[in-house]
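Atoms within a ligand are numbered from 1 in the order they appear, just like the ligands themselves. As the structure is a prediction and not an experimental result, all values here were calculated from the model.
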Amino acid sequence: MIPESLKDELLAKVASSVTPREAAVDVMKELQKHYGWLSDEAVDEVAEIIGLSPLQVEELATFYEMIYRRPVGKRVIHVCDSISCWSVGCDEILSHLRMRLGVEPGGTTEDGMYTLIPCACLGNCGEGPTMMVGDALYGRLTPERVDEILEKEKKKAQEEGL
Ligand code: FES
């Protein structure tokens, strides 16, 4: 269960939304932040907060790439594989990440630090190749820059006590 204070905050957000669906993504993200991923129990909690059925929440959850319905690493890496990033070498970036992390797309590193997920456009098309690590967006990637980012994100996670 989430803390009562967070539940009250989310209920207030839902109350100020035009429709419950409008608040659904924010509520799912908050519970995901709290638990690390959106388990079946968390889906039930979201459903209770926004006043939809668990099945309706499930449908919304599977629609959004940034909502995780299975356990993920401390940081999820989303690598854009849409057309603009593909034309400037996202394949090379994805291969580098697979090799560097030792995981296939969808996999999580043995130390539980990173989950690697290819994804659709991240809205940074002019500065590709692009990836997101957690909430941070990174563009103009090269394999060397990817290595620097992985180190930086790992340190940041350690500082945050993750
Ligand atoms: S195509 Fe990669 S960010 Fe848009």
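The backbone N or O of Lys7 lies less than 3.5 Å from no partner atom in the side chain of Glu45, so there is not a single donor-acceptor pair.
Between Tyr138 and Glu148, the side chains place no donor N or O within less than 3.5 Å of an acceptor N or O (distance only, hydrogens not considered).
Close contacts between ligand 1 and Ser82 involve ligand atoms 1 (S) [criterion: under 4.0 Å to a heavy atom]. The atoms of ligand 1 that sit less than 4.0 Å from any heavy atom of Cys85 are 1 (S), 2 (Fe), 3 (S). Close approach to Ser84 involves these atoms of ligand 1, each under 4.0 Å from a residue heavy atom: 1 (S). Atom numbering of ligand 1 starts at 1 in the shown order; those under 4.0 Å from a heavy atom of Cys80 are 1 (S), 2 (Fe), 3 (S).
When all heavy atoms of Ala23 and Ser17 are compared, the pair lying nearest together is CB-OG, 3.3 Å.
A heavy-atom distance below 4.5 Å is not found between the side chains of Arg75 and Lys154.
Annotation for Asp135: atom CG does not count as buried by contact number, only 12 or fewer foreign heavy atoms lying within 6.0 Å.
In this structure, Gly128 does not count as a contact residue of ligand 1, since none of its heavy atoms falls inside 4.0 Å of the ligand.
To the nearest 10 degrees, atom 4 (Fe) of ligand 1 sees SG of Cys125 and SG of Cys121 at an angle of 90°.
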